[in-house]
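First the proteins, then the strands, lettered A, B, ... as listed; each starts at 1.
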There are 2 protein chains.
Amino acid sequence: MDAVVSRISSRRRLHAHACPIRDVLDRIGDAWSLLTLFTLEPGPLRFNELRRRVDDISQRMLSVTLRQLERDGLVSRTVTPTKPPQVEYALTELGQSLMVPVGALAAWASAKQPFIQRHRAAYDQAAEENPDDPSL
Amino acid sequence: MDAVVSRISSRRRLHAHACPIRDVLDRIGDAWSLLTLFTLEPGPLRFNELRRRVDDISQRMLSVTLRQLERDGLVSRTVTPTKPPQVEYALTELGQSLMVPVGALAAWASAKQPFIQRHRAAYDQAAEENPDDPSL
DNA sequence: CCGAATCCGGTTGGATACTG
DNA sequence: CAGTATCCAACCGGATTCGG
């Protein structure tokens, strides 16, 4: 397991990482990638339709995110040169295969979130009540 | 699936998110959390030992990361008040349970990374060869 | 040994305006 | 419709310094 996560540089600075999990997390972990992938899961969508569904994403971020995802082969971009040009985005096979482990993670998150929320609240309250941290 | 990922605000600004998956990704997706969790998986470690293993993490980031993880109940912090105080960090049961879906994701990443790498390289080269993007 | 606090540069990402 | 370009604020994270 030490071989999998080894010697990462910080977030995107030195991306000379041979670490696959950090690689995928750097892509997936950013603010919008996962959200976009999930929105695309039911079926292909055009740019503005996608924008409407995600709805508080800026058009810049959607654009950037889509290019990243396309670069990694997770989504495909198809241009139909009609009157107003039409562009459709869709999950590739790779993108769909990613949804499986991500789904597992989502399930974990859903299941454990209540606990985490409570733990977090308790932690915060404890810290608030005695600002003189008795930790050391 | 639309209920799971809904209406996220940007990264950490408005964390009024009821979205569990984004919640967990915000924790896991940052530069050091996962790396720390993996390093802690074999067994409990003290602060500086942990620091040595992760080795290019700054002490500040290790400190911050550990506090976040403790807040969420993923790691525990145990202080033994000996001569020089001794502090041990360990995965909680929750932390260990997280390693399962994360492991699946890591496996996916390992398996698909060669493909992604090639796809990425091809994409970059194509973009480099004709800077006049024929996209629209 | 185990941290917390401060300073500060680089990056992320939103708003806006413009192109085709 | 489908983006790109520019400007700018907020944030992340490294280096350093100080305390228990």
Side-chain angles (χ1 to χ4, degrees), chain A residues 8-15 22 25-27 29-33 35-36 44-70 75-90 127 130-136, chain B residues 8-15 22 25-33 35-36 44-71 75-89 127 131-136:
Chain A
I8 306 317
S9 46
S10 98
R11 208 159 184 76
R12 276 92 172 175
R13 204 108 36 79
L14 298 167
H15 35 92
R22 181 94 3 242
L25 279 172
D26 269 4
R27 179 67 44 250
D30 76 73
W32 305 111
S33 294
L35 189 52
T36 304
L45 289 173
R46 298 174 54 186
F47 187 88
N48 278 333
E49 182 58 24
L50 195 46
R51 178 157 154 63
R52 242 166 275 128
R53 305 252 181 137
V54 182
D55 114 328
D56 50 355
I57 189 175
S58 67
Q59 86 198 124
R60 179 181 181 276
M61 277 304 101
L62 181 55
S63 182
V64 170
T65 301
L66 284 170
R67 241 182 303 132
Q68 300 283 3
L69 294 174
E70 191 196 356
V75 306
S76 63
R77 179 177 186 273
T78 316
V79 184
T80 314
T82 56
K83 256 303 286 306
Q86 188 168 340
V87 184
E88 275 212 340
Y89 293 91
N130 41 338
D132 48 335
D133 198 43
S135 298
L136 43 144
Chain B
I8 307 315
S9 46
S10 95
R11 207 155 186 79
R12 276 93 176 177
R13 205 103 38 77
L14 298 168
H15 35 93
R22 182 120 319 271
L25 279 172
D26 269 4
R27 179 67 44 248
I28 261 184
D30 77 71
W32 304 110
S33 293
L35 189 51
T36 304
L45 288 174
R46 298 174 56 187
F47 187 88
N48 278 333
E49 182 57 25
L50 195 46
R51 178 158 154 62
R52 243 165 274 129
R53 306 253 181 136
V54 182
D55 113 329
D56 51 353
I57 190 174
S58 67
Q59 85 198 124
R60 178 183 181 273
M61 277 305 102
L62 180 55
S63 182
V64 170
T65 301
L66 284 171
R67 242 183 300 132
Q68 300 283 2
L69 294 174
E70 190 195 358
R71 187 172 103 103
V75 305
S76 62
R77 179 176 185 276
T78 317
V79 183
T80 314
T82 55
K83 255 304 284 310
Q86 187 168 340
V87 185
E88 275 212 341
Y89 294 91
D132 49 333
D133 198 41
S135 300
L136 43 144

Student: Looking at A/Arg77, does any N or O in its side chain come under 4.0 Å of the phosphate oxygens OP1/OP2 on D/dA2?
Tutor: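 False: A/Arg77 side-chain N/O out of range (4.0 Å or more) of D/dA2 OP1/OP2.
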
Student: Write down the atom of B/Leu62, the atom of B/Phe47, and the distance for their closest heavy-atom approach.
Tutor: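 So the two residues come closest at CD2-O, 3.8 Å.
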
Student: Where the side chain of A/Arg52 is concerned, which of D/dG3, D/dC1, C/dC1 is the nearest nucleotide?
Tutor: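 Output: D/dC1.
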
Student: Using whole Å, report how far CE of B/Met61 lies from P of C/dC2.
Tutor: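 Taking atom P of C/dC2 as the reference, CE of B/Met61 is at 19 Å.
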
Student: Would you call A/Arg67-A/Glu70 a salt bridge at under 4.0 Å N-O?
Tutor: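 No, this pair does not count.
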
Student: Which heavy atom in B/Arg51 sits nearest to a heavy atom in B/Gln59, and how many Å separate them?
Tutor: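 It is NH1-N, 3.4 Å.
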
Student: Applying side chain to side chain contact (heavy atoms under 4.5 Å, CB included) between A/Leu35 and each of A/Val54, A/Asp30, A/Thr65, report the one that passes.
Tutor: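 Passing option: A/Val54.
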
Student: Can you tell me how far P of D/dA15 sits from CD1 of B/Ile57, to the nearest Å?
Tutor: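 After rounding, the gap between these two atoms is 12 Å.
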
Student: Separation of B/Arg46 atom CZ from C/dG3 atom P, in whole Å?
Tutor: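 B/Arg46 atom CZ is separated from C/dG3 atom P by 10 Å.
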
Student: Can you identify which nucleotide, out of D/dA2, C/dG3, D/dT4, has its nearest atom closest to the A/Val87 side chain?
Tutor: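 Shortest atom-to-atom distance from the side chain points to D/dA2.
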
Student: Can you measure A/Asp30 atom CG to C/dG14 atom P for me and round it to whole angstrom units?
Tutor: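 The distance from CG of A/Asp30 to P of C/dG14 comes to 11 Å, rounded to the nearest Å.
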
Student: With nearest nucleotide decided by heavy atoms, which residue, A/Val64 or A/Pro84, maps closer to the 5′ end of DNA chain D?
Tutor: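 In this pair, the answer is A/Pro84.
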
Student: Using a 4.0 Å heavy-atom cut-off, does A/Arg60 contact any base of the nucleic acid, only the sugar-phosphate backbone, or nothing at all?
Tutor: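 Base contact.
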
Student: CG of B/Leu50 versus C1' of C/dC1: gap in Å, rounded?
Tutor: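 Between C1' of C/dC1 and CG of B/Leu50: 14 Å.
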
Student: Check the distance between C/dT11's P and A/Gln68's CD and give it to me in whole angstrom.
Tutor: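 To the nearest whole Å, that distance equals 15 Å.
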
Student: Taking the nucleotide of DNA chain C with the closest heavy atom to each, which residue, B/Tyr89 or A/Gln59, is nearer the 5' end?
Tutor: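 Whichever sits nearer the 5' end wins; that is B/Tyr89.
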
Student: What's the separation between atom CG in B/Asp26 and atom OG in B/Ser33, rounded to the nearest 0.5 Å?
Tutor: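 B/Asp26 atom CG to B/Ser33 atom OG measures 10.0 Å (nearest 0.5 Å).
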
Student: Assign B/Arg67 to base, sugar-phosphate, or nothing according to its heavy-atom contacts below 4.0 angstrom with the strands shown.
Tutor: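 The residue B/Arg67 makes sugar-phosphate contact but no base contact.
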
Student: Just the rounded figure in Å: distance from P of D/dC1 to CG of A/Asn48.
Tutor: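 Answer to the nearest Å: 5 Å.
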
Student: What is the separation between atom CD on A/Gln86 and atom P on D/dG3, rounded to the nearest whole Å?
Tutor: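 The distance from CD of A/Gln86 to P of D/dG3 comes to 11 Å, rounded to the nearest Å.
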
Student: Consider the side chain of A/Ser63, meaning its heavy atoms from C-beta on, and name the nucleotide among C/dG14, C/dA4, D/dG3 that approaches it most closely.
Tutor: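 My answer, after comparing the listed nucleotides, is D/dG3.
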
Student: Considering heavy-atom distances to DNA chain D, does A/Phe47 or B/Ser58 have its closest nucleotide positioned more toward the 5' end?
Tutor: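 The residue whose closest nucleotide sits nearer the 5' end is A/Phe47.
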
